[in-house]
Amino acid sequence: MKKLLLATTATALIAGSAFAGGHAKDVKLGILIGFTGPIESLTTAMAAGAELAMKEVTESGALLDSATVTPMRADTGCIDNGLSTANAERLIADGINGLIGGDCSGVTGAILQNVAIPNGMVMISPSATSPGLSTMDDNGLFFRTAPSDAREGQVMADILTDRGIKSIALTYTNNDYGKGLADAIVTSFEAAGGEITISAAHEDGKADYSAEVGALASAGGDMLVVAGYLDQGGLGIINASLDSGAFDTFGLPGGMIGDSLPENVGPDLNGSFGQIAGSGGDGIEKLTAMAGDAFDATSPYTPESYDAAALFMFAMQAANSTDPAEYGSKILEVANAPGEKIYPGELAKGLEIIKNGGDIDYVGASAVELIGPGESAGSYREIEVKDGKNETVNFR
């Protein structure tokens, strides 16, 4: 990653002066995700995951001078650039030391360019997946714990091919996320010998998707892949397809995976399948045990949210500072080998190792491994809808 740019605005200079000694008793982490909008059914658990990590560290007293870590929530609406940037500016004015977010890719890019870079603020997104974010000139300020859609396109092509699908119709939400994911699916599936009969955008928030479904049905295909949002346009496309009999099986990329989709569609969704960023093993099992009945730790992007918060706190410990200009360059160090592997519930252990001069390799709940410019290497859960529930049937 490029060398971290020092903050250039008055807001950042004022914030920097507050950390002249490197420490603050109250560390503030913003959680800027879509509490309203097309993925709102996912964000309650995402925020709870991030806040669980903060609570764990606060109660341990192991961060810096026994710092208290306070979450500060704000809304992106997922697809509202104006709301997102205004709330990001408010969080910075309120003194956050790091920003967990954004969530959806378009607003994440807007926050990064218009707020984070001018203010020298580090961002770690748990769910923004557009390949375009990989090449954005971010001054070393942007990281993500969810893998890029370039990787998801390859995974989806593999799943389709393994299931004997020869041709697909494809529809995508008309924004940065949808376009980037659709391009990745098209490229990967065609490279594997598959046929894309049509690739067409749809808008979110419409009451009637019969025209879109008519065009998709006319093109044909073994099934329809819906690269949209489970609480808005993607749901509308699926319901219209089922009502008209155009398609009865659907490919479901990450933005379509969540409990609300099978609940809202009903048994006709059984047999549909797709993928979502996620991993198995000790990390997710430990987080699930910690969360108990408080929230669903396996909900999409919730493990990644816990891990985003943890990376902030480990980097601050490694830099002995809560100043983004000082700790940002430490994020890759604490995320990767060499070092002792650290899992959920072991954040205090990791902080103590760093304090004593040792190295950690943060594995976390989502098998964290950062590559290139702050990218997540990423693994995926293959999902199939069975008896009205999303079931993990494989890992890729």
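Since we're looking at a predicted model, the values are computed, not measured.
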**salt bridge (charged side-chain N to carboxylate O under 4.0 Å, His left out) contacts touching residues 44-61 (sequence neighbours left out)** = E51-R73, K55-E59
**Prompt:** Roughly how far, to the nearest 0.5 Å, is the CD atom of E352 from the CG atom of L347?
**Reply:** 12.0 Å
**Prompt:** Quick one: side-chain contact (heavy atoms from CB on, under 4.5 Å) partners of A240, sequence neighbours excluded?
**Reply:** Y209, V213
**Asked** Considering only heavy atoms from C-beta outward, does the side chain of F295 approach that of T44 to under 4.5 Å?
**Response** no
**Prompt:** Looking at side-chain heavy atoms only, is the closest gap between M123 and T108 below 4.5 Å?
**Reply:** yes
**Asked** In terms of hydrophobic clustering (I, L, V, M, F, W, Y; side-chain heavy atoms under 4.5 Å; direct or indirect links), are F143 and V27 co-clustered?
**Response** yes
**Message:** Would a single hydrophobic cluster contain both L311 and Y343, if residues Ile, Leu, Val, Met, Phe, Trp and Tyr are joined by side-chain heavy-atom contacts under 4.5 Å?
**Reply:** no
**Ring center gap for F314 and Y362 short of 6.0 angstrom** = yes
**Message:** Using the rule that Ile, Leu, Val, Met, Phe, Trp and Tyr join whenever any side-chain heavy atoms are under 4.5 Å apart, tell me whether L83 and I39 fall into a single cluster.
**Reply:** no
**Prompt:** With sequence neighbours left out, which residue pairs that include part of residues 76-105 fulfil the salt bridge (charged side-chain N to carboxylate O under 4.0 Å, His left out) condition?
**Reply:** R90-D94
**Asked** If we ignore angles and hydrogens, is there a donor and acceptor under 3.5 Å between the side chains of T68 and D26?
**Response** no
**Request:** Run the salt-bridge test on R396 and D162 with the 4.0 Å N-O cut-off and return the result as yes or no.
**Result:** yes
**Asked** Quick one: are I238 and M256 in side-chain contact, heavy atoms under 4.5 Å?
**Response** yes
**Request:** Decide, yes or no, whether a salt bridge links R163 with E382 under the criterion of side-chain N to carboxylate O below 4.0 Å.
**Result:** yes
**Prompt:** Side-chain donor-acceptor pair under 3.5 Å between E326 and S321, yes or no?
**Reply:** yes
**Prompt:** Quick one: OG on S188 to CD on E152, what's the gap to the nearest 0.5 Å?
**Reply:** 10.5 Å
**Asked** L224 versus I168: any side-chain heavy-atom pair under 4.5 Å?
**Response** no
**Asked** For the atom pair CG (N320) and CG (D65), what is the distance rounded to the nearest 0.5 Å?
**Response** 7.5 Å
**Matching residue for S376 among S148, P126, P147 - test: side chain to side chain contact (heavy atoms under 4.5 Å, CB included)** = P147
**Item:** Heavy-atom check, side chain of M156 versus side chain of Q275, under 4.5 Å
**Value:** yes
**Pairwise distance CZ(F247) to OG1(T171) - rounded to 0.5 angstrom** = 10.0 Å
**Request:** Please say which of I96, N87, L29, L32 ends up in a side chain to side chain contact (heavy atoms under 4.5 Å, CB included) with M72.
**Result:** I96
**Item:** Hydrophobic cluster partners of V107 (side-chain heavy atoms under 4.5 Å)
**Value:** none
**Asked** Using a distance-only test with no angle check, is there a side-chain donor-acceptor pair under 3.5 angstrom linking D231 and S260?
**Response** yes
**Request:** Could you state whether I383 and L181 fall into the same hydrophobic cluster, counting links through intermediate Ile, Leu, Val, Met, Phe, Trp or Tyr residues with side-chain heavy atoms under 4.5 angstrom apart?
**Result:** yes
**Item:** Shared hydrophobic cluster for Y172 and L252 (ILVMFWY, side-chain gaps under 4.5 Å)
**Value:** no
**Fill in**
Residues passing the side-chain contact (heavy atoms from CB on, under 4.5 Å) test with Q113, sequence neighbours excluded, are M136
**Prompt:** So do T173 and H202 actually touch side chain to side chain, heavy atoms under 4.5 Å?
**Reply:** yes
**Asked** Would you say the side chains of T36 and D75 form a donor-acceptor pair under 3.5 Å?
**Response** yes
**Item:** Short side-chain to backbone donor-acceptor contact, N175 and Y177, under 3.5 Å
**Value:** yes
**Complete:** Looking only at heavy atoms, the pair that brings V122 and Y327 closest together is CB-OH, 3.8 Å
**Complete:** Of all heavy-atom pairs linking D204 and G233, the shortest is OD1-N, 2.8 Å
**Asked** Can you tell me how far the OG1 atom of T129 sits from the CG atom of D149, to the nearest 0.5 Å?
**Response** 3.0 Å
**Item:** M54 and I31, any side-chain heavy atoms less than 4.5 Å apart
**Value:** yes
**Prompt:** Under 3.5 Å, is there a donor-acceptor pair linking the side chains of D176 and S130?
**Reply:** no
**Message:** For a 4.5 angstrom cut-off between non-hydrogen side-chain atoms, does S125 reach T145?
**Reply:** no
**Item:** Pairwise distance OG(S60) to CE(M313) - rounded to 0.5 angstrom
**Value:** 8.5 Å
**Fill in**
Shortest non-hydrogen pair, I111 vs G102, comes out as CD1-CA, 4.3 Å
**Prompt:** Is the closest basic N to carboxylate O distance between R144 and E375 below 4.0 Å?
**Reply:** yes
**D361/K341 ion pair, N-O < 4.0 Å** = yes
**Under the side-chain contact (heavy atoms from CB on, under 4.5 Å) test, residues paired with D248 that sit two or more places apart** = none
